[in-house]
Novice: 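Okay, here's the structure, questions in a sec.
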Amino acid sequence: MSHSLTDLLYGFSVAFQWHNLLWCLFGIVVGNLIGVLPGMGVLSTMSILLPLTYTMHPVAAILMLAGIFYGSQYGGAVSAILLNLPSHPPHAITCLDGYPMTRRGQAGLALGTTMLSSFVAASIGIIIMILASPLLVHVAGSFGAPEMFSIMLLGLLIGATMSRGPLVRGLASTLIGLLVGTVGIDGDSGRLRFTFGTFNLADGVELVAMAMGLFGIADFIMHVNREPPVIPHASLTLRDLIPSRSDLKRAFPAMLRGTGIGTLFGALPGTGPTIATFVAYAFERRLSSTPSLFGTGQIEGVAAPEAASHAKTQVDFIPTMTLGIPGDAMMALILGALLIHGIQPGPQLINEHPDIFWGLIASFWIGNILLLVLNMPLIGIWVWMLRVPHRILFPSAIFFIAIGVYTTQNNLFHIWEVLFFGLLGAIMIFLDFPIAPLLLGFVLGPMLEENLRRTMLLSHGNAAILFTHPISATLIALTALLTGAIIITKWRAANAPPLTPADEDL
C-alpha cells in the first residue's frame, strides 16, 4: 500500500506538469461540451482529435483523450435532465427521473446531484485502481506470448458478443475488423497482403482515418437532418445546484450502491456503461419502499445510474491499460493512441511506463475536481450551445476531419479512407450492425496474430503450449465456457415455446 501511495505521488508530479495539466483541462472541457450536444458523439470527437496526438507526448495525449471520455459523461446528463434528450445511451435512464424533476422546478437539484454522484463514484473508482495496481504488477511477470494471445482472444469474443443486436452481427463486425487488420506488410515474410496493388496500404489501414470515418462521418450522415431541440428558458443559480441535507440523506446511499454496481461492471471487459446504469436503476427501484414513485422525479433515480456510469468509466481503464482489452469503442480508441506511440498495453505497462499509468490515475482526480468546479458556472453556456443547428455544426466538424487526417502523414489517400469507412459505417448503422466490434477487431487483430506467431515459435509449432501454461489455459477455458453459454442461451431462445395471451398478461 505504501508503495502505491508513493507511485500515486509520482503520478501527481507528472499530472501537474503544466503541459499535461493544460491538455487534461482541454480534454475535459471539450468532452463536457460534446456530452451536452446531441448528435456530436464522444467517439466522433475523439476521432477528430486523434491526429493531434501524433505531435504530442504520450502522457499528454492519453490525458487529453481520457479527459474527453469522462468529461462527456458529465455533459451528457445536462441534456437528459433539462430536455429529456439522452445525448448518449447511458443517460437514457437518467431521463426517467431527471426530466420530471426539471418539470417540477428542481432542475438545479437534479444537476447538482448528478455532479456530486459523478465525483463520489469517480473517486471510489480511482481508489480501486490504486489498490488493484500492486496485484497487477505482481502478475505482470507471468504474462508471455501464450497468455497475451489467450487474453486477446477472450477480449475479442467478449467484444463481439456483448454488443447490442444479434450475436451473428457482432461476430461479423469483429471478423471484418480482423480482416482489415491484416492489410499491409506481413511481419514475418515482408510481403504485401491485401493492398490491391497500391503502396498507400503498405503500412496498413490508417487507424485515425478508420475511426474518423466509422464514428465521425457515418454519424453525421445519419443525423445531419436532425433539428436542435426547443429549449425552455431557465435560469439556474449556484444555490439551486446544492442539495439540501435531506436530499443528501436520500441520495448518498444510492450513490454508493450505484458506484458498487458500476465498479463490478467496469472490471468486466466488453460491458458498456449503459448496462451498468440500467442495472443500478432497477436495483434502486427494487430496494425502494415506494417503487411506484420512480419515474416521477425521485432523486435516487438520478443518483444511482449516474454514479454507476462514472464508476464504470473510471474502472474501465484497468482492463484496457493492463490487459489490452478495451471495454468499448472509446477504450479501443485510447488503446489505438497508445499503439500509435509504440506503447504496448498489457500487464507490463505499469513497470515500463509508470508515468502514463500513474499520471493518468492522478489526472482522474484533478480532472473530476475541475469538472465539479467548472460545471456549476458553465451550465448556462452548455444550455445555450444546445441551440446550435446541426446543419452548421456537422459541416464544420467534417472540415476539421479532412484537415486532421491529412496532416497525420500529408497523404490525400487517407481522406479517401475516411470517406470509405464513413459510407461503410453509415451502411452498418442503417442495417443495425454494431460498429465497435469492428474497431476492436482491427486494433486487437495484429497483436493477436503477432502473439500467436511468437507462441508457435516458442513451442516449435505445438499448440499444446496454450494449455500447459496455467494462466493461458484458464483464459482459454473461460473463452470456451463463454462460447458454450452463448450457444446454449441462443438455442434455448430459438426453441422456447411461444407465449400464450395468458403468459403475456403475466
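FYI, the numbering just counts along the sequence from 1. Keep in mind the model is a prediction, meaning the values are calculated, not measured.
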Novice: If every non-hydrogen atom of Gly170 is compared with every non-hydrogen atom of Pro437, which pair is closest and at what distance?
Specialist: O-CB, 3.8 Å
Novice: Rounded to the nearest 0.5 Å, how far does CD of Gln17 lie from CG of Leu22?
Specialist: 11.5 Å
Novice: Heavy atoms, side chains only, cut-off 4.5 Å: are Ile68 and Ile28 in contact?
Specialist: no
Novice: I want to check something: taking the side chain as every heavy atom from C-beta on, are Tyr10 and Thr6 in contact at a cut-off of under 4.5 Å?
Specialist: no
Novice: Side-chain contact, heavy-atom cut-off 4.5 Å: Trp358 with Val14?
Specialist: no
Novice: Just one of Thr114, Thr94, Thr113, Thr259 clears the side chain to side chain donor-acceptor pair (under 3.5 Å) bar with Glu306, so which one?
Specialist: Thr94
Novice: Go through the steps to decide whether Met101 and Ile81 satisfy the test side chain to side chain contact (heavy atoms under 4.5 Å, CB included), and finish with yes or no.
Specialist: CA-CA 8 Å; Met101 291 180 71; Ile81 291 172; 5.9 Å; no
Novice: With rounding to the nearest 0.5 Å, note down the distance linking CD1 in Ile356 to CG in Leu338.
Specialist: 6.0 Å
Novice: Would you mind reporting whether Leu25 and Ile366 have side-chain heavy atoms less than 4.5 Å apart?
Specialist: no
Novice: Passes side chain to side chain contact (heavy atoms under 4.5 Å, CB included), His310 versus Ser117? Steps please.
Specialist: CA-CA 8 Å; His310 282 264; Ser117 300; over 6 Å; no
Novice: Side chain to side chain contact (heavy atoms under 4.5 Å, CB included) between Trp365 and Ile127: does it pass, once the steps are laid out?
Specialist: CA-CA 10 Å; Trp365 248 319; Ile127 292 172; 3.8 Å; yes
Novice: What heavy-atom pair brings Asn20 and Ala15 nearest, and what distance separates the two atoms?
Specialist: CB-O, 3.9 Å
Novice: Which atom names give the shortest non-hydrogen contact between Ser363 and Cys24, and what distance separates them?
Specialist: O-SG, 4.1 Å
Novice: Going by atom types alone, do Ser288 and Glu300 pair a side-chain donor with an acceptor below 3.5 Å?
Specialist: no
Novice: Where is the tightest heavy-atom contact between Ala303 and Ala254, given as atom of each residue plus distance?
Specialist: CB-CB, 4.2 Å
Novice: Identify the two heavy atoms, one from Ile343 and one from Pro58, that lie closest to each other, and give their separation to 0.1 Å.
Specialist: CD1-CB, 3.7 Å
Novice: For Gly422 and Ala218, which heavy atoms make the closest approach, and how far apart are they?
Specialist: O-CB, 3.5 Å
Novice: Step by step, would you call Leu438 with Thr174 a side chain to side chain contact (heavy atoms under 4.5 Å, CB included)?
Specialist: CA-CA 5 Å; Leu438 192 155; Thr174 305; over 6 Å; no
Novice: Under 3.5 Å, side chain of His353 to main-chain N/O of Asp355, donor-acceptor pair present?
Specialist: no
Novice: Could you measure the distance from the CG atom of Leu63 to the CZ atom of Phe364? Nearest 0.5 Å is fine.
Specialist: 8.0 Å
Novice: To the nearest 0.5 Å, what is the distance between CG on Leu423 and CD1 on Ile217?
Specialist: 9.0 Å
Novice: Between Val180 and Phe421, is there a side-chain heavy-atom distance shorter than 4.5 Å?
Specialist: yes
Novice: Fit a plane to each ring of Phe16 and Phe12, take the angle between them on a 0 to 90° scale, and name the class: parallel (under 30°), tilted (30 to 60°) or perpendicular (over 60°).
Specialist: parallel
Novice: Would you give the length of the straight line joining atom CD of Glu284 to atom CG of Leu287, rounded to the nearest 0.5 angstrom?
Specialist: 6.0 Å
Novice: I'd like to check Trp23 versus His57 (side-chain heavy atoms, cut-off strictly below 4.5 Å). Are they in contact?
Specialist: no
Novice: More than 12 non-hydrogen atoms from neighbouring residues, nucleotides or ligands closer than 6.0 Å to CZ on Phe252, yes or no?
Specialist: no
Novice: For the residue pair Arg285 / Gln298, report whether a side-chain donor-acceptor contact shorter than 3.5 Å exists.
Specialist: no
Novice: Is it true that a side-chain atom of Arg104 and a backbone atom of Thr296 form a donor plus acceptor pair closer than 3.5 Å?
Specialist: yes
Novice: Testing the 3.5 Å rule here: is there a donor-acceptor pair between the side chains of Asp97 and Tyr281?
Specialist: yes
Novice: Quick one: pull up CG in Leu8 and OG in Ser13 and give me the separation to the nearest 0.5 Å.
Specialist: 10.0 Å
